[in-house]
Colleague: 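Handing you this structure, nothing more for now.
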Amino acid sequence: MEKNIMVSNGQNESTTQGWEPRIIAFFCNWCTYTAADLAGVSRLRYAPNARIIRVMCSGRIDPQFILDAFAKGADGVLVGGCHPGDCHYMEGNYKALRRMQLLKRMLKDMGIEAKRFRLEWISASEGERVKTVMNEMTESLRALGPLGLPKKFEEWDREIGILEEEVLGKEEAVHA
Amino acid sequence: MHGNGDNGSIRIGFYICHCGHNIGSVVDVHAVAEYVKTLHGVVLSQEYKYMCSDPGQELIQKDIQEQSLNRIIVASCSPLLHEHTFRSAVEKGGLNPYFFQMVNIRENVSWVHTDMQAATQKAKDLSRAAVQRVFHHKALETKHVKIHPDVLIVGGGIAGIHAALTLANAGKKVYLVEKDPTIGGHMAMFDKTFPTLDCAACILTPKMSQVKNHPNITLWTYSEVVKVEGYVGSYTIGVRRKPRYVNEALCVGCMDCIDKCIYKEGKTPDEFNAGLNKRKPIYIPFPQATPQLVVIDPKTCIEFKSGHCKKTCVDACDRKAIDFKQKEEIKEISVGTIILATGYQIFDAKRIPFYGYGKYPNVYTSLEVERLVNASGPTGGELILRDGQHPKTVGIIHCVGSRDKNTNRWCSRTCCMYSLKLAHLLKEHTDAEVYNFYIDIRAAGKSYEEFYDKLLDENVHFVRGRVAEVTDWAVRPSEEGKLIIRAEDTLIGVVRRVPVDMVVLAVGMEPQADAQDIRRLFNISCSTEGFFLERHPKLAPVDTFTDGIFIAGACQGPKDIPDSVAQAGAAAAQALTLIDTGEIELEPNTVFVVQEECSGCRTCLTMCPYNAISRDEVKQKAIINEALCKGCGTCVAACPSGALKQNLFEDEMIFSEIDGLLTMEQEACC
Amino acid sequence: MKYLYFPGCSLRSTGRAYEESLLAVLKALEIPIEELDDWNCCGATSYASIDETDAFALAARNLALAELQSPDETVNLIAPCSACFLVLMKTERYLEDYPDVSKKINTTLDKVGLHYHGRVDVRHPLDVFVNDYGLENIAKRVKHPLKGLKVASYYGCQVVRPFKTFDHSHYPVTMDRLVQALGGEPVDWPLKTRCCGGSLTGTIQEAGLRLNRLLLKEAEKRGADIMLTCCPLCQHNLECYQQRINRIYEEEIDLPIAFFTQLMGVALGLSEKELGMQRLFKKPSLSHITHPKGAVVNAW
Amino acid sequence: MPEKPKVALYWCASCGGCEESVVDLAEGILDVVAAVDIVLWPVAMDFKKKDVEAMADDSILVSLINGAVRTSEQEEMAKLLRKKSKLVIAYGSCAHLGGIPGLANQFQREEILKYVYEDSPSTVNPGNVRPELKVGTNGATVTLPSFFHTVRALNQVIDVDYYIPGCPPTPQLLKQALETLLSGTLPEHGAVLAPDIALCDECPKKETKPSDLKFAEFKRPHWTQIDPDVCLLAQGIICMGPATRSGCGGQCISGNMPCTGCFGPTSHAKDQGAKILSALASQIEAKDEKEIDKTLTTIPDPVGTFYRYALPTSLLRKKVF
């Protein structure tokens, strides 16, 4: 029982079988999403693990989206915007940068590995970059293993309503 | 209108496109369609060969009416390509176009993945996300903005000139801004043009003076755009007019002042003659310069450097046109559309040291040779080399700074043809032996190949091989004092050493040095190699990703004169379309405030670069000026209490996408 | 940061003067180096032509050792001999660019308890002197400017090709700039990177000699007083076969061939002994430089 | 006379402040007592679990439960009261959002036990003894509740009908709540019984906030002389007001202290911390990454600051180990 309740680091065998990282990518319409299209037009091949959500500007990306993605089961989140100084809306990417810098610190404090969240500036012409980033991130997540928050939530909640006996048994174990 | 069926039911129609084999060969389209059928709210889910085709679109319209669908999803290519197409189809079907959602399973899936299972899974996920998203879609009004009828054209080369005249003749007011003292661009420097061999000046100068005299064209040379504000339909442009130190209104271009300059000889390399001769500090770029105005170059003028010049020029001018006090001025204009025709720069041959440019005097760039053979050039058209000789043998090296990983990878498209032209002219001027060293001869153009044949008949030599080096290292007596071109003749498979008197480097075309700054200023994109990026390589070659800004000529990529002119016409036509429509549709993706949810905390006020958000000081709440809002949504993400919403990108829509993408059956991960 | 030093076999045999002068100069410039422990043959060009993978493994061992020996994030490994420089760098790049190769090589290395992680940066002394230490700093320490000395810099085929490294692959200038900084006069000659015949002088001698002759004659024709090399084999070929070339082709070539580090040393005021000058067959006459007053002592 | 509606008050993982707030009704409490029958209130009255067990299901009109759920006992009582009550109200930040105890979700259970029973400076426990869950003394077995790995808000354990936010809730809110309930016109299930708009709306310093606020650094209240008449954010002090539900009357602000967010987010935000993070970070002055980080170092504990009351009900709920 203890094992199940103790939160695993996500590496436990049951989850890693045939497991593939799941990435949610938020791309800005003008640079990074266009770059992804370019990657397509250029028939660059990259890992199929990311799912792109298009927003008009990286400035639209609300930290809630990123946390929600993790909470719903993403193993990694990728945010793509125009290079600093190149924002289609002048400053949106700077606002994004500021938020993401703070968010990174918070994620760290919440025990989510730095490699699971990535902010990338990719201009409309950098299709190659999209490919590289997608592959790199997929690889580093594969190395990290699943984050699997939904699974963890279940595990955490399993302790609700377990029978007193089990708790006692466990408690003794702790002391022995 | 919520646009939902009776009792508010959501009725989704889902269409997935094979796009021929583009999607069908990688994504199991049928499986996806079947899967989507099982999703909540989906009334109809079907596959089709080409959704963007008329039958495809009619399909949607039919189903909307017959099955009273109120949400439409098409899984096909990128929304950047066909979103508009399908939205209008939906509208024709009698449904508000914004109940439509597009799923990109081509650029984002089938074109970038090979594993069918993974690709199909990804397509399913993206589709599921869209299905969940459309539940939150709302009916929206398309916004329209008026188009200011005036046009700004940046760059006075042949492309800019042609675009300006086309628009002006159509009765539109045009501002033509050129950074140099005269218009004409590179074409004005050329001697003859391929393949027709008519002289560049003869066909260009008339157009130049037309520009000068056209009532609808305001020509600002020696000027630069320094500010671009606003958006399609109403741009505010700031133009810096650099001081010529010569009063434009008074100067008639008689050039007396130039003769009287205390400099008897020129001291500065003459830009127009590619630096082959020297000009004075006070000069006119070239005889047919337009406008016919004198310029003073403060960098070299004694008066500006020391302040103790006799100012003989001032006395020479009976119209008192010379004005050392002249200051730069900033003009502000309003236009609705912009055409960028900023051209190109030639490849710097010094970057390939082993071709000896700048080291051996008799190595020239093609542009220098244009001036050298030109009647109005530094030598009056006589072919005298830097060391005073008349060349008996000339070698032309193709693809200098083109098709080369070490410099530029692209083909500059014009070099083959102008090299042939130069070969012809050189023979004409000197009857020297002319050798062309080429990788391939690219004579793809109307009567280009024929021109190539003609040159073959003129006994110009063609050596197929990339030149290894140009050297003065003589190994045979016959090579002493000559330049030796070493290249493998790949047709006979031997390395040849060809001694010549003159080497011509057919330099390639590059993006302007300031292309990146221009790009930022006008808020458009550049492609990898640095040329301006068109909206679509085939379907929107002169549009950019910024509405109302078009590109023409070599700033978009290497081009010869005919192509540049054609593109300039196209750009002008695009601008005309906007102007004559009078208004343009804008994405209604603007932001709105839910008044009763806004606490008036002012966070959003600091977010908007367009000052679209202000504060109602009575109600103490934020208000959005829709006209100014560009729809980036930065303020929405910043609103700490969720009181701001962005049309088409409301939080619920994005959360439901995230949810749709991730709430997958665990086992079927990617 | 300190540099690791990979001598290679030549610098302990035919190229001893190179090692002696290199170490002397590094010492004079106070550039800290440390010899790579337990280094082995780089495999040169010959091994790769027999079995490339084995050759990679052989060279990779040195790279792995370098990582063991240095804590630096990027390990700067100096390889003075052109062949070593090229082979080590080539190996490093292959391991970087081709995962399958590096996997194979590393499984081999693992057997002897080694592993290469890709931290090594193979450097040429020219690169280190000019780009790390800096020409200004070198110029500052020059005691005897090589006034009026016309120098033909010869790079040979391996240091700048096939990989783009610290200089232009067709027209390198690093050594010329160095010579300038030392107060000498670089002669412009177009044969800087042309083949010296390599091992041909030992195998198909006629071909080898012909190639050397071209280089030597052109250098003399361009008025060079001395030719500098950065490769033991080039130096050997160009110096040792001059008499034979003169005999066979009826030439009168008489051109001293030195290692660039030797001339550096002279300018920095080091003694001929320290610079291994005595090992040269043709001693350049530099007394006017080392003893500008024209003092009696004949430097050599 | 007709039977008065029954009311139960219970406390789980909480500080007792919520109980105080009930007493803060002052003489108003009398009207309450007059209007209702309090059937359980451990802090004030001597009723036992068995008394509640004895009652018929749904026989209690409303149970006001404060405190988060951290032990098996709290879980048990919450479930019991749910069974016996028509309505359950999560009373106060801890029951509503997890509250201050919820910050413990940044640590592992064992870390906490070890600290409390072994490492804390105030601990004198030579044998490192820990409480036994089950002790047998002459035949009888005494048991203690077990300590969960995770702190939970009430609605993560049982179904909750309404929420009264606040640390503690204001007497006014309680009064209004009771009045509405007794009036019989019930708000929709799951409603938070406070205005659904951020605190700035009722903030006394609202109009002193500039429209072009930029942060070069963030100050902590004790670092600076706070100007009582100016918006705290304008003074560089982190105030959760913009991301926090109003209804408290801006007590802290009036007391010249920043809002720490005890009323939780409005219904339009999913995650209070993420929202204030976004709002504040967006207004940082610096543009370059290093500079931005420099400004950010002046927020020593983002999680503790932005999720002081709402960690267990935030999107991530708990630190991942």
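Just so it is clear: chains get the letters A, B, ... in the order the sequence lines come, proteins before strands, and each one is counted from 1.
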Colleague: State which residue, out of B/Glu107, B/Arg106, B/His536, fulfils the side chain to side chain contact (heavy atoms under 4.5 Å, CB included) condition with A/Asp37.
Modeller: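 Passing option: B/Glu107.
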Colleague: For the atom pair OG1 (B/Thr634) and CD (A/Glu91), what is the distance rounded to the nearest 0.5 Å?
Modeller: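 Those atoms lie 9.0 Å apart.
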Colleague: Please look at A/Cys28 and chain B and tell me whether the side chain, the backbone, both or neither of the residue comes under 4.5 angstrom of a heavy atom of that chain.
Modeller: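 A/Cys28 has no heavy atom closer than 4.5 Å to chain B.
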Colleague: Evaluate the side-chain proximity of A/Ile52 to B/Asn104: yes if any heavy-atom separation is below 4.5 Å, no if none is.
Modeller: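 With C-beta onward as the side chain, the pair stays apart.
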Colleague: If I compare all heavy atoms of A/Trp30 with all of B/Phe545, which pair ends up nearest, and what's the gap?
Modeller: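 That closest heavy-atom pairing would be CZ3-O, 2.9 Å.
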Colleague: What I'd like to find out is whether the side chain of B/Asn523 reaches to under 4.5 Å of the side chain of A/Tyr89, using heavy atoms alone.
Modeller: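 Not touching, per the 4.5 Å side-chain cut-off.
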Colleague: So which atom in B/Ala118 and which in A/Pro48 form the shortest heavy-atom distance, rounded to 0.1 Å?
Modeller: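 Reported closest heavy-atom pair: CB-CG, 3.7 Å.
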Colleague: Taking A/Arg51 for its side chain and B/Asp125 for its backbone only, find out whether a donor-acceptor pair lies under 3.5 Å.
Modeller: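 Not at all, since once roles are kept as given, no pair shorter than 3.5 Å links the two residues.
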Colleague: Which region of A/Ser58, side chain (C-beta onward) or backbone (N, CA, C, O), has a non-hydrogen atom less than 4.5 Å from a non-hydrogen atom of chain B, or is it both or neither?
Modeller: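 Neither; nothing under 4.5 Å.
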Colleague: Of all of B/Cys635, B/Pro609, B/Cys639, which one pairs up most often with chain A through heavy atoms under 4.5 Å apart?
Modeller: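 Looking at each option in turn, the highest pair count goes to B/Pro609.
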Colleague: Is the shortest side-chain heavy-atom distance between B/Glu587 and A/Met56 below 4.5 Å?
Modeller: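 No, their side chains stay 4.5 Å or more apart.
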Colleague: Under 4.5 Å heavy-atom distance to chain B, tell me which part of A/Lys95 shows up: side chain, backbone, both or neither.
Modeller: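 For A/Lys95, the contact with chain B is made by the side chain alone.
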Colleague: Let me confirm one number: the CZ-CD distance from A/Arg54 to B/Glu83, rounded to the nearest 0.5 Å.
Modeller: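 If we round to the nearest 0.5 Å, A/Arg54:CZ and B/Glu83:CD are 5.0 Å apart.
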Colleague: Please examine the side chains of A/Tyr33 and B/Asn108, heavy atoms only from C-beta on, and report whether any two atoms are closer than 4.5 Å.
Modeller: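 B/Asn108 vs A/Tyr33: side chains touch.
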Colleague: Pick whichever of B/Leu80, B/Asp115, B/Val636 has the most heavy-atom pairs under 4.5 Å with chain A.
Modeller: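 Result: the option with the highest number of such pairs is B/Leu80.
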Colleague: Is it true that a side-chain atom of B/His113 and a backbone atom of A/Arg45 form a donor plus acceptor pair closer than 3.5 Å?
Modeller: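 No, because the side chain of B/His113 does not come within donor-acceptor range (under 3.5 Å) of the backbone of A/Arg45.
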